[in-house]
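Single-structure report; data block below.
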Amino acid sequence: MTDIEQALRALDTGPNSGLERRTLVTVGAADLVARTDSPVGDVWVAWSTRGITGLTPRFVAEQLEDFLMIHRRTAYATDSLPVDLADAVHKGLDEGDTVGLPIDYAGIGEFQHAVLAACATIPPGIVRPYGWIADEIDNPGSVRAVGTALGRNPIPLLVPCHRVVRSDGSIGNYAFGAEMKHDLLVREGAILA
Amino acid sequence: METITAASDEAIVAGLIRDLDVGFTDLVRTHQRGIYSGALRLTRSHVEAEDVAQETFVRAYRSLSAWGDTRLATLSVRPWLWTIALNLVRTRSGRPTEHPTPDGWAHPPATDSEPIDAELWRNRLGRLSENQRTAVVLRHVLDLPIAEIAEVTERPEGTVKADISRGLAQLRQIIEWEVA
């Protein structure tokens with residue numbers, strides 16, 4: 001290699017680290033994540049250009065690294081949610097009112113997406129049996145799979161899997177424990193204490 | 001410290017087909033250095049280079065989200081990205097600069113984010129023709145094979161080789177004049 005060719009080769013330079021983050025977040029291929037408060041304590045909330053992609057309480061994932069390992073998408077930490085989204089998220093968390101809250105189901109399989117979308121229509125104060133979801137998604141035999149899909153809900157509280165109960169009237173399972181499910185439902189007035 | 005996660009074209013394409021966002025993340029991580037590095041020597045500032053790089057990937061994402069699996073399977077990532085990036089570089093250089101200089105190249109203020117020699121090389125490369133500059137940067141800064149440069153610039157390989165050798169000869173002359 002001549003000296004000029006060597007000098008040119010040495011010009012190869014990497015970008016500032018912000019390029020990757022800005023690019024991926026701008027196109028919606030990656031999320032931002034921030035902490036916020038909720039009725040169950042501090043939570044991580046992740047979002048894309050299209051809507052909320054994940055929510056995990058800090059009692060499940062204390063550090064950011066823990067959340068990033070759970071989250072199905074690439075995410076970059078930021079200080080806080082954008083104002084509009086924060087308002088909608090807190091309305092959802094505090095009042096259970098998630099009308100107009102954009103949810104992004106990217107990266108979620110077709111079946112689970114259908115289950116969660118159906119679950120998202122259940123208003124606060126109401127509970128529905130697992131079979132109701134199975135019927136809603138035109139797959140009445142899938143009650144068990146519905147339970148599994150809800151158990152893996154990446155956006156709990158905002159997609160209200162806690163409002164889905166057993167047809168025999170018992171509370172059923174909940175990722176954060178039956179006791180918390182019970183407390184949430186009492187809080188929403190869906191059941192009596 | 002920089003971590004370069006370089007995924008092969010095969011892996012990137014398979015990723016894009018499986019999940020666009022996951023595959024695209026690999027694509028950006030693999031190719032951002034090359035696109036930025038080339039853009040840095042083909043544009044007038046590191047800010048412009050970042051703009052070109054980001055816009056290249058944004059346009060790439062938009063295109064890819066409209067492609068079906070069959071088309072995705074034919075993707076050759078690096079030359080395709082460079083086709084987009086060179087178009088962006090070209091359309092930028094056509095715009096009037098805020099501070100025009102006789103050779104058409106603005107001299108932006110030095111900033112901490114730039115390598116120290118950036119302006120020096122910007123001036124040197126700025127004196128080449130667009131074709132020579134592009135060929136020299138792609139070949140000798142980024143190590144792209146002649147065939148790929150020919151594909152990206154839509155010029156015959158012989159012409160690319162001539163651009164490179166004339167470009168290098170010009171640079172040698174320019175550097176000699178600096179010392180004189």
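Just so we're on the same page: letters track the sequence lines, and every chain starts at 1. Below, all heavy atoms of this structure are taken into account, side chains as well, without hydrogens, waters or symmetry copies.
- Taking CZ of B/Phe57 as the start and CG of A/Leu19 as the end, the distance is 6.5 Å to the nearest 0.5 Å.
- Taken together through direct or relayed side-chain contacts under 4.5 Å among Ile, Leu, Val, Met, Phe, Trp and Tyr, A/Val33 and A/Val89 form parts of separate hydrophobic clusters.
- A/Thr2 is listed as a side-chain neighbour of B/Arg172, based on a closest heavy-atom distance under 4.5 Å.
- Looking at B/Tyr61, only its side chain comes within 4.5 Å of chain A, counting heavy atoms on both sides.
- Remark: the backbone N or O of A/Leu11 is paired with a side-chain donor or acceptor of B/Arg41 at under 3.5 angstrom.
- A/Ile133 and A/Leu157 fall within a single hydrophobic cluster, where Ile, Leu, Val, Met, Phe, Trp and Tyr side chains are chained together by heavy-atom contacts under 4.5 Å.
- Atom CD in B/Gln32 sits 7.5 Å away from atom OG1 in A/Thr23 (nearest 0.5 Å).
- Taking chain A as the reference chain and counting heavy-atom pairs below 4.5 Å, the highest number among B/Arg139, B/Gln54, B/Glu55, B/Arg62 is found for B/Gln54.
- In this structure, chain A has a heavy atom under 4.5 Å from the side chain of B/Ile175, while its backbone stays farther away.
- Atom CG in A/Leu24 sits 6.5 Å away from atom CZ in B/Arg29 (nearest 0.5 Å).
- For A/Arg22, the CZ atom is densely surrounded, since the number of other residues' heavy atoms within 6.0 Å is greater than 12.
- By the criterion of side-chain heavy atoms lying less than 4.5 angstrom apart, applied directly or through intervening Ile, Leu, Val, Met, Phe, Trp or Tyr residues, A/Leu64 is not grouped with A/Leu55; the two fall into different hydrophobic clusters.
- Under a cut-off of 6.0 angstrom, the local environment of CG in A/Asp79 is sparse, with at most 12 non-hydrogen atoms contributed by other residues, nucleotides or ligands.
- Side-chain heavy atoms closer than 4.5 Å link hydrophobic residues (I, L, V, M, F, W, Y) into clusters, and following such links, even through other members, never connects B/Val58 to B/Val22.
- In this structure, B/Gln173 places its CD atom where more than 12 heavy-atom neighbours from other residues, nucleotides or ligands lie under 6.0 Å away.
- Counting heavy-atom neighbours within 6.0 Å of B/Arg166 CZ, excluding the residue itself, gives a total of 12 or less.
- To the nearest 0.5 Å, atoms CG (B/Asp143) and CD (A/Glu5) are separated by 10.5 Å.
- Annotation for A/Glu179: atom CD does not count as buried by contact number, only 12 or fewer foreign heavy atoms lying within 6.0 Å.
- A/Gly14 and B/Tyr36 make their closest contact through O-CE2, 3.4 Å (heavy atoms, listed as atom of the first residue, atom of the second, distance).
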Exercise for review: Check the pair B/Arg33, A/Asp12 against side-chain contact (heavy atoms from CB on, under 4.5 Å), reporting the backbone distance first and the verdict last.
Suggested key: CA-CA 8 Å; B/Arg33 186 197 169 95; A/Asp12 184 27; 3.3 Å; yes
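- Contact annotation: the side chain of B/Asp21 never approaches that of A/Val27 to less than 4.5 Å [non-hydrogen atoms, C-beta and beyond].
- Using a 4.5 Å cut-off between heavy atoms, A/Thr74 touches chain B through its side chain atoms alone.
- B/Leu168 touches chain A through backbone and side chain together, each having a heavy atom under 4.5 Å away.
- A donor-acceptor pair under 3.5 Å links the side-chain atoms of A/Arg9 to the main chain of B/Val141, judged by distance alone.
- Under the 4.5 Å side-chain heavy-atom criterion for Ile, Leu, Val, Met, Phe, Trp and Tyr, A/Tyr105 and A/Trp44 are members of distinct hydrophobic clusters.
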